[in-house]
Amino acid sequence: MRSYLFVPGDSEKKLAKGLGSEADVLLIDLEDSVALSNKAEARKIAAAFVKTNRDQKDRPLLFVRVNALDTGLTDEDLTEIIPAAPDGIMVPKTLSGQCITRIDAKVTAQEALAGIPEGSIKLMAVATETASSIFTLGTYGGSSSRLSALTWGAEDLSADLGAETNKDDDGNLTSPYKLVRELCLFGSVAAGVQPVDSIYANFRDMDGLRAEATTARRDGYTGKMAIHPAQVSIINDVFTPSDLAISQAKRIIAAFGDAGDIGVIGLDGEMLDRPHLRRAETVLQRAKSAGISVD
């Protein structure tokens, strides 16, 4: 999945617009974008939206961001949402893999009550929103077979740290948040799940979005979250392998195939070993995920 678009769970208009945005995943939000007084109504709107659209063809995946475990609202969210059979649940402000294990148990119970096959609903964690959570990014492996992705966030984290801002005068992340971004990447790969880059808050700065997404892709992230439908096309473009990248990946894979069972080959005057082969295979896997034929 390349693009994850946040949509407020209490806005039918924005939910409908998000459905046509070409995002790979809609993140239907019951947390930050919904006022406390409107949580109950947002649950009903979100559940109805999922029920209405889950059987549509060519739709985005439908994930619902519930409220954090320490709010006392999570169980009410899951009780309302799980019977609608969303594709996944986003869990904010996780402190460690134990939070995912707890949510897994809650989702399993709700699936059973709703007659939904166990394990159908995936989980995604926002794993870096408190200072203490940074020290547990290596604990998500084995926390739940449902876990499909980790992502990170700088806004809640900067508030937890008491920081004035998380960006420098040029609009770039300051060093604490660069570190967190890197640790989330390592934690995701160690857990065997998709690393998803955080939002780019200035939804009018498309050049900045493209530059940040390109850096994320270069470093190993495979997708990025969005806060506005206008960001989706750029994110999809950046995280879709280019024709040149696909062609080069095919050449590398073919060259290793022709060479037989050896560890190093030569191609275009460059020595390539097994990590180059793995990277080429990853390019083709991502192209297939984007709906591109690579045969």
Side-chain angles (χ1 to χ4, degrees), residues 1 4 6 24-32 61-82 85-114 116-157 160 177 179-199 216 219-225 282 285 289:
M1 299 294 106
Y4 292 71
F6 278 111
D24 291 336
V25 182
L26 285 191
L27 298 173
I28 303 165
D29 191 25
L30 301 180
E31 195 207 13
D32 287 345
L61 295 182
L62 303 175
F63 276 51
V64 178
R65 179 165 72 168
V66 297
N67 290 278
L69 280 165
D70 63 358
T71 64
L73 299 171
T74 315
D75 287 348
E76 292 175 84
D77 291 342
L78 294 174
T79 298
E80 187 80 39
I81 293 298
I82 295 302
D87 297 297
I89 296 293
M90 172 182 262
V91 189
K93 298 179 178 64
T94 56
L95 302 178
S96 71
Q98 289 183 350
C99 293
I100 292 300
T101 302
R102 287 176 62 191
I103 292 288
D104 182 309
K106 293 175 183 294
V107 172
T108 297
Q110 291 293 336
E111 282 177 335
L113 290 172
I116 297 170
E118 183 176 336
S120 299
I121 297 171
K122 300 301 180 184
L123 297 177
M124 178 180 183
V126 190
T128 69
E129 295 184 285
T130 64
S132 61
S133 66
I134 309 309
F135 298 95
T136 60
L137 282 168
T139 66
Y140 287 87
S143 62
S144 169
S145 59
R146 298 178 187 272
L147 187 62
S148 63
L150 290 184
T151 190
W152 70 283
E155 303 307 321
D156 284 283
L157 179 60
D160 195 49
Y177 307 98
L179 173 62
V180 168
R181 177 183 171 278
E182 292 159 359
L183 290 174
C184 183
L185 177 61
F186 291 133
S188 301
V189 175
V193 301
Q194 183 185 5
V196 178
D197 195 29
S198 189
I199 65 163
D219 290 348
Y221 277 95
T222 59
K224 188 171 180 63
M225 296 188 294
T282 297
Q285 288 169 1
S289 295

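Computed from a prediction, not measured in an experiment: that's the story for all the values here.
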Original post:
Which value, rounded to the nearest 0.5 Å, describes the distance between Lys224 atom NZ and Tyr4 atom OH?
Top reply: 13.0 Å
Original post:
Does Lys122 have any salt bridge (charged side-chain N to carboxylate O under 4.0 Å, His left out) partners at least two apart in sequence or in another chain, and if so, which?
Top reply: none
Original post:
Does any non-hydrogen side-chain atom of Val126 lie less than 4.5 Å from one of Met90?
Top reply: yes
**OP:** Answer whether the closest heavy-atom distance between the side chains of Leu137 and Phe186 falls below 4.5 Å.
**Re:** no
Original post:
Can you tell if the side chain of Met225 reaches within under 4.5 Å of the side chain of Asp197, non-hydrogen atoms only?
Top reply: no
Original post:
Do Pro86 and Ile121 come within less than 4.5 Å of each other through their side chains, counting heavy atoms only?
Top reply: yes
Original post:
Between atom CD of Glu155 and atom CD1 of Ile199, what is the distance when rounded to the nearest 0.5 Å?
Top reply: 5.5 Å
**OP:** Indicate the atoms forming the closest heavy-atom contact of Ser96 with Thr136, along with that distance.
**Re:** CA-OG1, 3.6 Å
Subject >> Nearest-0.5 Å distance that lies between atom CD1 in Ile81 and atom CG in Leu30 >> reply: 5.0 Å
Subject >> Derivation and outcome, side chain to side chain contact (heavy atoms under 4.5 Å, CB included), residues Leu69 and Arg102 >> reply: CA-CA 9 Å; Leu69 280 165; Arg102 287 176 62 191; 4.0 Å; yes
**OP:** State, to 0.1 Å, how close Ala125 and Ile100 come at their nearest heavy-atom pair, and which atoms those are.
**Re:** CB-CD1, 3.7 Å
Original post:
Nearest heavy-atom pair of Tyr140 and Ala127: which atoms, and what distance?
Top reply: OH-CB, 3.6 Å
**OP:** Please report the shortest heavy-atom distance between Val180 and Trp152, naming the atom on each side.
**Re:** CG1-CE3, 4.0 Å
Original post:
Does a side chain donor of either Ser188 or Tyr221 reach within less than 3.5 Å of an acceptor in the other side chain?
Top reply: no
**OP:** Only counting residues at least two apart or in another chain, list the ones meeting side-chain contact (heavy atoms from CB on, under 4.5 Å) with Thr101.
**Re:** Ser143
**OP:** State, without any angle test, whether Arg146 and Thr108 hold a side-chain donor-acceptor pair at a distance under 3.5 Å.
**Re:** yes
Subject >> With sequence neighbours excluded, residues passing side-chain hydrogen bond (donor to acceptor under 3.5 Å, both in side chains) with Thr79 >> reply: Gln110
Original post:
For Leu95, what residues pass the side-chain contact (heavy atoms from CB on, under 4.5 Å) criterion, not counting sequence neighbours?
Top reply: Cys99, Thr130, Ser132
Original post:
Does Asp156 have any side-chain contact (heavy atoms from CB on, under 4.5 Å) partners at least two apart in sequence or in another chain, and if so, which?
Top reply: Asp32, Lys93, Glu129
**OP:** Could you grab the distance from atom OG1 of Thr71 to atom CD of Glu76, nearest 0.5 Å is fine?
**Re:** 9.0 Å
Subject >> Close side-chain approach of Val25 and Leu27, heavy atoms under 4.5 Å >> reply: yes
**OP:** Could you list the residues that satisfy side-chain contact (heavy atoms from CB on, under 4.5 Å) with Ala114, not counting sequence neighbours?
**Re:** Pro83, Ile116
**OP:** Take Asp75 and Lys106, measure what side chain to side chain contact (heavy atoms under 4.5 Å, CB included) needs, and give me the verdict at the end.
**Re:** CA-CA 8 Å; Asp75 287 348; Lys106 293 175 183 294; 2.9 Å; yes
**OP:** Would you mind reporting whether Phe63 and Ile28 have side-chain heavy atoms less than 4.5 Å apart?
**Re:** no
Original post:
Looking at Ser198 and Gly153, what are the two nearest heavy atoms and their distance?
Top reply: OG-CA, 3.8 Å
Subject >> Interatomic distance, Arg65 atom CZ to Ile89 atom CD1 [nearest 0.5 angstrom] >> reply: 12.5 Å
**OP:** Mind listing the closest non-hydrogen atom pair of Gly97 and Thr139 along with its distance?
**Re:** N-OG1, 2.8 Å
**OP:** First locate atom OG1 of Thr74, then atom CD1 of Ile103, and finally report the distance between them rounded to the nearest 0.5 Å.
**Re:** 5.5 Å
**OP:** Determine whether Val107 and Leu78 make a side-chain contact, defined as any pair of heavy atoms from C-beta on separated by less than 4.5 Å.
**Re:** yes
Original post:
Considering only heavy atoms from C-beta outward, does the side chain of Thr128 approach that of Thr94 to under 4.5 Å?
Top reply: no
